[in-house]
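Have a look at the structure below before the remarks.
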Amino acid sequence: VNKVKVALLGLGNVGTGVWKILNTNKEEIRRRSGYDIEIAKILVRDKSKKRNVEVPEELLTDNADEVFNNDEIRIVVELMGGVEPAYEYMMRAIKSKKHLVSANKMVIATKGEELIGAAAEAGVMFYYEASVGGGIPIIHGINESLTANKIEEVVGIINGTTNYILTKMSLEGLSFDTALKGAQEKGFAEADPTSDVEAYDAMYKLAILASLSFGAKINLDSIYREGITKIESVDIAYAKELGYTIKLLAIGKDNDGVLELRVHPAMIPSTHPLANVNNSFNAIFIRGNAIGDLMLYGKGAGDLPTGSAVVGDIISILRNNIDLAPSNDINNQSTTVKYSPMEETKCEYYIRLSVRDLPGTFGEIATILGKNGVSLSSVIQKGKGEEFVPLVFVTHGTKEANLNRSLEEMKNMPAIYKIDNVIRVENL
Ligand code: NAP
Ligand code: HSE
């Protein structure tokens, strides 16, 4: 059996998962790869920090040179997060002719082109399966099994933390803060959970999926992004009453060469399979012109599911023959991409208002909506006799521009105290 030395950059949630898998599944990994994998160095920030796994002290270092100047280390696994110094270290690994694995969607979505280009030039392999969908083999799926297709659509739940929060708020009545704390304790959340709850993480993942699916270099500014922090328990309750479940969706569509890319909370029919993707699970629908509809479902975050994808990438490198130059797929991406603006997107909308309980208010709102080409499919009015009562509308499909014009006009209506929330409804 051959031996190979690997370095980990980071021993947090994912690094710990990788360490556990390499130790627990040693035999399986040896059989599948033909190698004994030895972790030779682990770069961390704080060597004295208490770890969740027992790691020999001499393996830990806070000096990156001990990794990059060690010629025996053949594979570097970046599990630190953030753009810098992760990007610098990844480039150093490539330039030192070390193969590279990463779970870092932020760096791949922002610097992927440079990394893939440098890896190809240096003749090293670079895999990043864990960067999208945790343990779900979505990237290998798109890059290998689905390459015969023109992919038309990629839609899914691709952030475990927000899905965990929305599930706990919806099924167990937990508050946002308590649910977020739970996701952090379970190791699903990013070091700064703003990335999860404000949907930056899902945006990075959608950029990676879209670039691989549609063969385009994605400009992150072209992705519409909206997080889940404005979702209140009352919206979840109204959604249930209307037959919907609220999920953070990532939507990528290739509409005849024009890309529609958006990440936002959406009400989806409670009968749809995505509505039953709960807790840290992710699910990704792909529509290809040969395969038709395909859905991949599995754990999208957490130490072992993510570690599974990372160790799988290490084994791919070993199976591809570590001593041969790779055929990294740079997949000739188009840089002249057209994007459809959000204002042109057609959706149904849930609108929750606080209004003064006065005669004629409903008629006035319906007139504003009608004038702007927005028709209604449901109305819920509750409460009576109080100064402000909630009024909930669900519209038929309309362009976002029509809705925005209506909302602007409503803001000037004295009878409307507040536009409490607007959530897109996707009748998938
Ligand atoms: P984490 O728990 O915060 O761990 C980060 C690790 O990197 C820690 O061990 C930290 O050292 C080390 N580190 C950070 N900055 C460093 C620096 N400047 N120099 C040296 N070491 C440094 O993060 P994680 O949850 O494992 O996530 C790691 C990566 O995987 C991120 O890119 C994340 O987006 C991605 N990812 C995470 C999951 C998940 O479920 N958590 C799933 C898929 C992908 P110390 O321990 O000494 O602080
Ligand atoms: N914070 C990320 C999530 C980790 O919750 O989905 C997995 O990429």
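Atoms within a ligand are numbered from 1 in the order they appear, just like the ligands themselves.
Heavy atoms of Arg51 approach ligand 1 to within less than 4.0 angstrom. At least one heavy atom of Pro85 sits closer than 4.0 Å to an atom of ligand 1. Under a 4.0 Å heavy-atom criterion, Gly300 is in contact with ligand 2.
The closest heavy-atom contact to atom 13 (N) of ligand 1, among the options Lys105, Glu84, Lys299, Met80, comes from Met80. For the residues Ser48, Gly12, Ala64, Ala103, the heavy atom positioned nearest atom 44 (C) of ligand 1 is part of Ala103.
Scanning the protein for heavy atoms near atom 25 (O) of ligand 1, the closest one is Asn13 ND2, 3.0 Å. Summary of contacts: the protein heavy atom closest to atom 3 (O) of ligand 1 is Ala191 CB, 4.1 Å. The single protein non-hydrogen atom nearest to atom 34 (O) of ligand 1 is Glu190 OE1, 2.6 Å, given as residue, atom name and distance. Atom 42 (C) of ligand 1 has as its closest protein heavy atom Thr306 OG1, 3.2 Å. Residue, atom and distance of the protein heavy atom nearest to atom 28 (C) of ligand 1 are Leu79 O, 3.3 Å. Protein heavy atom closest to atom 5 (O) of ligand 2, with residue, atom name and distance, is Thr161 OG1, 2.6 Å. At the shortest separation from atom 15 (N) of ligand 1 among protein heavy atoms lies Arg45 NH1, 3.5 Å.
For ligand 2, one of its N or O atoms has an N or O atom of Phe188 under 3.5 Å away. Close N/O approach between Asp46 and ligand 1 is found [any backbone or side-chain N/O within under 3.5 Å]. Backbone and side-chain nitrogen or oxygen atoms of Gly300 are examined, and none is located within less than 3.5 angstrom of a nitrogen or oxygen of ligand 1. For a threshold of 3.5 Å applied to N or O pairs, the pair formed by Asp303 and ligand 1 contains no separation below that value. The N/O atoms of Leu11, backbone and side chain alike, include one that comes under 3.5 Å of an N/O atom in ligand 1. Below 3.5 Å of separation, one finds no N or O of Ala130 facing any N or O of ligand 2. Between Val14 and ligand 1, an N or O atom pair is found at a separation short of 3.5 Å. For a threshold of 3.5 Å applied to N or O pairs, the pair formed by Gly302 and ligand 1 contains at least one separation below that value. The shortest N or O to N or O distance between Tyr89 and ligand 1 is not below 3.5 Å. For ligand 1, none of its N or O atoms has an N or O atom of Ala301 under 3.5 Å away.
Of the N and O atoms on the side chains of Asp303 and Asn13, not one donor lies less than 3.5 Å from an acceptor on the other residue. In this structure, a donor-acceptor pair under 3.5 Å is absent between the side chains of Asn104 and Ser102. Side-chain contact annotation: Thr178 with Ser175, donor-acceptor N/O pair under 3.5 Å present. Side-chain polar atoms of Thr162 and Asp196 form no donor-acceptor pair below 3.5 angstrom. Inspection of the Tyr204 and Asn159 side chains reveals no N or O donor paired with an N or O acceptor under 3.5 Å. Glu348 and Asn427 share a side-chain donor-acceptor pair at under 3.5 Å. Checked by atom type, the side-chain pair Thr161/Glu190 shows no donor-acceptor distance below 3.5 Å. Side chains of Asn63 and Thr61: no donor on one and acceptor on the other come within 3.5 Å. No hydrogens or angles considered: nothing links the side chains of Asn402 and Asn372 as a donor-acceptor pair under 3.5 Å.
For residues 230-256, the set of pairs meeting the salt bridge (Lys or Arg N to Asp or Glu O under 4.0 Å) definition, not counting sequence neighbours, comprises Lys150-Asp254, Glu226-Lys230, Glu232-Arg352, Asp235-Arg352, Glu241-Lys382.
For Tyr349 against Glu400, the heavy-atom pair with the smallest separation is OH-OE1, 2.6 Å. Residues Cys347 and Glu426 come closest through the heavy atom pair SG-OE2, 3.2 Å.
Two residues are said to be in side-chain contact when any heavy atoms from C-beta on lie closer than 4.5 Å; Phe393 and Ser378 fail this criterion.
The cationic group of Lys111 lies under 6.0 Å from the six-membered ring centre of Tyr87 and within 45° of the ring axis, placing it in a cation-pi geometry.
For the side chain to side chain donor-acceptor pair (under 3.5 Å) test, residues two or more places apart in sequence or in another chain that qualify with Lys168 are Glu172.
Each of the atoms 31 (C), 32 (O) of ligand 1 lies under 4.0 Å from some heavy atom of Gly81. For ligand 2, the atoms sitting less than 4.0 Å from at least one non-hydrogen atom of Lys105 are 2 (C), 4 (C), 7 (C), 8 (O), numbered in the order shown with element in parentheses. Counting atoms of ligand 2 from 1 in the listed order, those under 4.0 Å from a heavy atom of Glu190 are 1 (N), 2 (C), 4 (C). Distances below 4.0 Å separate heavy atoms of Gly160 from the following atoms of ligand 2: 3 (C), 5 (O), 6 (O). With ligand atoms numbered from 1 in the order given, ligand 2 contributes 2 (C), 3 (C), 5 (O), 6 (O) to contacts under 4.0 Å with heavy atoms of Asn159. Atoms of ligand 1 found under 4.0 Å from any heavy atom of Ala130 (numbered from 1 in listed order, with element): 43 (C), 44 (C). Within ligand 1, the atoms closer than 4.0 Å to a non-hydrogen atom of Gly10 are 6 (C), 7 (O), 9 (O), 12 (C), numbered from 1 in the order shown. Proximity to Lys205 (heavy-atom distance under 4.0 Å) selects the following atoms of ligand 2: 2 (C), 3 (C), 6 (O), 7 (C), 8 (O). Of all atoms in ligand 1, listed by their number and element, those nearer than 4.0 Å to a heavy atom of Gly187 are 39 (C), 40 (O), 41 (N).
With a heavy-atom cut-off of 4.0 Å, Lys49 touches ligand 1 through its side chain alone. Only the side chain of Asp196 comes within 4.0 Å of ligand 2, judged by heavy-atom distances. Under 4.0 angstrom from ligand 1, the non-hydrogen atoms of Asn104 come from both its backbone and its side chain.
Looking at Asn289, its side chain never comes within 3.5 Å of a backbone N or O of Glu152 through a donor-acceptor pair.
Using the six-membered ring where Trp is involved, Phe281 and Tyr297 have ring planes that are parallel, under 30° apart on the 30 and 60° scheme. Using the six-membered ring where Trp is involved, Tyr164 and Phe188 have ring planes that are perpendicular, over 60° apart on the 30 and 60° scheme.
With salt bridges taken as basic N to acidic carboxylate O contacts below 4.0 Å, none links Arg30 and Glu28.
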